[in-house]
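Data block below; observations after.
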Amino acid sequence: MTATTPVPDYVRATQISNEYLTPEAIELIERARALAPKLAERAFDAERNGIVPVESVREIAEAGLFKVLQPKRYGGHEMDPRVFYRVQMSLAEGCMATAWIYGVIGVHNWQLPLFPEQAQQDVWGKDPTTLIASTYMPVGKAEKVDGGYRFSGHWSWSSGVEHCEWIFLGGLLPKKDGSGALEHCTFLLPKSDYKVVHNFDVLGLRATASHDIVVDNAFVPEHRTHRTNDHSDAGCPGRATNPGWLYRIPFTQVFQRAVSSACLGALDGAVGHFRVRASAHVGKHGSKTAEDVNAQQAVSEAMMASDQLKLVMFRNYARIVECAKTGERMPVEERLLQRAQASAVPKITAERVNELMRACAANGVYRSNPIERIFRDMHVARGHIANNTDHYARLHGAVMLGLQNTDPFV
C-alpha cells in the first residue's frame, strides 16, 4: 500500500486522531483482515484437533504480523501498540483462539527488547523470526548460583507453546534494594530446558493448546532474567540498544490488552455470523430470526458494546503513548482505571455473546454454529487472571476511596 492508496472506510472516520495509522500500519491490518476468512474456515478443525494449524501461524508470520512490536534492528516494524491490537482484533474475527495466541506470542517481541542485549542475541541472533511462548504465574523456584540461577517449577496455561522455540516463565526473586521483599521476575529458557505436558482439555479456547510446562533444575544465566515490574532504565537494560519510546511503556499496559483484545474481535465476528444467520434462518414456528425483537436488540447492543470498548481502548492508548514519548509518569489512579477497563472487556463481550446465543434459539447450540464456539472461548478468556474485572475494579475503587494501591503490576 502506498501513501496515495485510498484509506479504508473503517479507518477514514477517525484518521485525523489516528496518526499512528500510517500506510505501512494500514497494510499490516489489511493483511490480517485478509487472513480472517481462512482462519474462520480452519476454526472448527483447529478446535477439534486442539491446536492452531501450523499453516495459520506460518501465514501470520509471512504477513509480518508477529513483527509489529519487534525492534527495527531485528527486522521488526516497531510500531504503535494500537496497530498490534487492531491486527489481533482482525484475526479474531476469523478465529479467536488464533488471535489469542497471536496476542500472547506477539507481545513477547515487545518484552524481549527489555532484556540485556545478550538475551536478545540468544533468541534472535541467528533467526529474528523465532517465537517465544510464556506463562507468567510466579511459581518458579530460583536458587542463586554463579552466573545465574538454578530454576525449577510447574506452570499451567502456556498458550501457543507448540509453535515456539523459547519461553518466558514467571518466578519470584528478592528485590535488589536489600529489603528482603520479593518481586516478579521473567525467566527466559530455550525449548531444550523445558517439557510440555499435553493436558489442555478444557471448555473453550481449545485450539490455543495452552499446555502445562515443567522445568527441572535448569540453569538460567543472569542475562536471561528481567525484573518484570521494574520500569527504570536499570531494570530494562535492553533500552541501551532499543531506545525508542515503544519500549518505555510499562509492562502491564502492553500485556493486559494482549489477553483481552481478542474478545473484541471475536464479538465482531459473532455479530457477522449472527447477521448472516438471522437473515436466512426460519424457526420451527415459521418466523425469521431477523424478525425477532430479541435478535434485533441483541445485535444492536453487541455492536454498541464493541464500539464503546474500542473507543475507550484507543483513547487510553493515546494517553499511554503520550506518556511514553514525553516521559510523564501516569498517576496511579489513572493506571488502575485503565487496568480495570481492560479487564472488563471479556466480561462485557461475553455478556453480549450470551444474548446473541440466546437469540439463536435451540438450533444455535449445535457445534456447527460458530457463535457457539465463540461463546465458549469468551468464557474461558474471562478466567485469565488479567481479566478478573471485579478484582481490578475493586483495586481502583479502593485507591479512589483513599486506600493504598496493592497491585504490584501497576
Side-chain angles (χ1 to χ4, degrees), residues 19-20 22 24-25 28 60-61 64-88 102-134 136 148 164-170 173 176 183-190 220-258 317-330 335 409:
E19 296 177 356
Y20 68 93
T22 63
E24 294 78 14
L28 289 174
I60 290 171
L65 304 183
F66 284 119
K67 297 181 178 182
V68 173
L69 301 178
Q70 189 176 25
K72 289 181 179 179
R73 67 194 190 91
Y74 282 111
H77 303 301
E78 201 170 322
M79 286 183 172
D80 189 300
R82 286 170 287 188
V83 179
F84 181 72
Y85 302 121
R86 282 187 179 273
V87 166
Q88 185 181 23
Y102 169 78
V104 170
I105 294 173
V107 79
H108 300 150
N109 287 354
W110 171 86
Q111 188 184 7
L112 183 62
L114 304 181
F115 279 69
E117 177 63 20
Q118 185 57 57
Q120 300 173 53
Q121 285 294 318
D122 290 349
V123 179
W124 289 334
K126 293 182 179 179
D127 183 2
T129 67
T130 299
L131 301 178
I132 308 168
S134 71
Y136 289 96
C164 301
E165 297 300 318
W166 289 75
I167 197 166
F168 286 145
L169 296 173
L173 289 177
K176 294 183 178 181
E183 64 178 339
H184 191 281
C185 185
T186 304
F187 294 78
L188 172 65
L189 288 80
V220 181
E222 182 70 39
H223 71 265
R224 292 185 193 161
T225 64
H226 172 232
R227 304 289 174 135
T228 316
N229 297 317
D230 185 347
H231 305 135
S232 67
D233 286 346
C236 302
R239 289 178 184 161
T241 49
N242 301 299
W245 63 263
L246 174 60
Y247 306 108
R248 294 192 170 275
I249 302 175
F251 173 84
T252 297
Q253 292 180 334
V254 178
F255 174 80
Q256 183 156 13
R257 288 289 183 177
Y317 241 97
R319 174 79 170 125
I320 290 169
V321 169
E322 176 188 26
C323 288
K325 289 181 175 180
T326 63
E328 177 186 352
R329 180 171 173 78
M330 191 181 295
R335 300 198 306 270
F409 283 85

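For the single chain, residues carry numbers from 1 onward in sequence order. Remember, predicted model here, so these are calculated numbers, not experimental data.
With sequence neighbours left out, Glu183 forms a salt bridge (Lys or Arg N to Asp or Glu O under 4.0 Å) with Arg227. Among residues two or more places apart in sequence or in another chain, the salt bridge (Lys or Arg N to Asp or Glu O under 4.0 Å) test is passed with Arg335 by none. The salt bridge (Lys or Arg N to Asp or Glu O under 4.0 Å) check on Arg257 picks up nothing, with sequence neighbours excluded.
Scanning both residues, Asp122 and Trp166, for their nearest heavy atoms gives O-CZ2, 3.5 Å.
No side-chain donor from either of Glu24 and His77 sits under 3.5 Å from a side-chain acceptor of the other. Looking only at atom types and distance, the side chain of Glu117 has a donor-acceptor partner in the side chain of Thr241 under 3.5 Å away. Between the side chains of Gln120 and Arg73, at least one donor N or O sits under 3.5 Å from an acceptor N or O.
Taking the six-membered ring for Trp and thresholds of 30 and 60 degrees, His108 and Phe168 have ring planes more than 60 degrees apart, a perpendicular arrangement. Ring orientation note: the planes of His184 and Tyr136 are tilted relative to one another, at an angle of 30° to 60°.
Using a distance-only test at 3.5 Å, with no hydrogens or angles considered, no donor-acceptor pair links the side chain of Ser134 to the main chain of Ile167.
With Leu112 as the fixed residue, the side-chain contact (heavy atoms from CB on, under 4.5 Å) test singles out one of Leu69, Ile132, Thr186: Ile132.
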Test salt bridge (Lys or Arg N to Asp or Glu O under 4.0 Å) on Lys325 and Glu322 and set out the steps.
CA-CA 5 Å; Lys325 289 181 175 180; Glu322 176 188 26; over 6 Å; no
